[in-house]
Amino acid sequence: MYKIIKDLKESGLGYRKISKKLNSWGIKTEKGNEWLPQSVFSVLKRKKQRRERIQSQRNEYFPLEMSPMEIKYYRID
């Protein structure tokens, strides 16, 4: 759903026109309701918040650290 809404938004439509278009196509929200402009905005907002939260968690749990590398060669007989 995010991809459809994002594409419509990037094509220049506002939240109200996107909600009307989704309703005219017969597409319902996740809860089975009709789309409202606020619903469209929320889908885009939640995706952005989720992306930021995941990036923050990655930085917190997996900080980037570089350590010196050592290459060893082993001779196989």
Side-chain angles (χ1 to χ4, degrees):
M1 201 67 253
Y2 169 78
K3 176 87 171 110
I4 294 170
I5 291 173
K6 182 179 173 235
D7 289 345
L8 291 171
K9 183 70 177 154
E10 287 177 351
S11 72
L13 295 179
Y15 300 121
R16 183 177 295 138
K17 287 186 180 182
I18 293 172
S19 64
K20 286 183 179 183
K21 188 171 283 286
L22 293 173
N23 290 327
S24 72
W25 291 341
I27 300 174
K28 300 287 184 183
T29 65
E30 194 172 302
K31 294 182 178 181
N33 299 322
E34 288 195 348
W35 286 94
L36 299 172
Q38 304 90 300
S39 311
V40 173
F41 173 78
S42 291
V43 168
L44 296 174
K45 180 181 171 186
R46 282 195 316 264
K47 178 71 172 184
K48 180 181 176 189
Q49 288 173 339
R50 182 175 184 271
R51 187 176 355 110
E52 290 171 353
R53 186 178 66 247
I54 289 171
Q55 185 62 39
S56 173
Q57 289 173 348
R58 284 183 183 157
N59 291 342
E60 181 179 331
Y61 296 117
F62 304 105
L64 295 176
E65 292 181 12
M66 298 295 284
S67 61
M69 293 179 55
E70 185 177 319
I71 300 175
K72 294 183 179 182
Y73 294 96
Y74 295 95
R75 195 169 143 180
I76 301 175
D77 291 328

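Not measured: the values here are computed from a predicted model. All values below come from the heavy atoms of this structure, side chains included, with hydrogens, waters and symmetry mates left out.
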For Leu13, what residues pass the side-chain contact (heavy atoms from CB on, under 4.5 Å) criterion, not counting sequence neighbours?
Leu8, Ser11, Lys17, Ile18, Lys21
Quick one: side-chain contact (heavy atoms from CB on, under 4.5 Å) partners of Glu10, sequence neighbours excluded?
Lys6, Asp7
Any chance you could measure Leu44, atom CG, to Met1, atom CE, to the nearest 0.5 Å?
10.0 Å
Which residue pairs pass the ring pair (Phe, Tyr, Trp, His ring centres under 6.0 Å) test when at least one of the two sits in residues 3-49, sequence neighbours left out?
Tyr15-Phe41
Applying a strict under-4.5 Å side-chain criterion to I, L, V, M, F, W and Y, I'd like to know whether Leu22 and Tyr2 cluster together.
yes
State, to 0.1 Å, how close Ser19 and Leu36 come at their nearest heavy-atom pair, and which atoms those are.
CB-C, 3.7 Å
Search all heavy atoms of Pro37 against all heavy atoms of Arg16 and return the closest pair with its distance.
CG-CA, 3.8 Å
Suppose the criterion is salt bridge (Lys or Arg N to Asp or Glu O under 4.0 Å): which pairs have a residue in residues 26-52, not counting sequence neighbours?
none
I'd like to know if the side chain of Asn33 reaches the main chain of Thr29, judged simply by a donor and an acceptor atom lying under 3.5 Å from each other, with no hydrogens or angles considered.
no
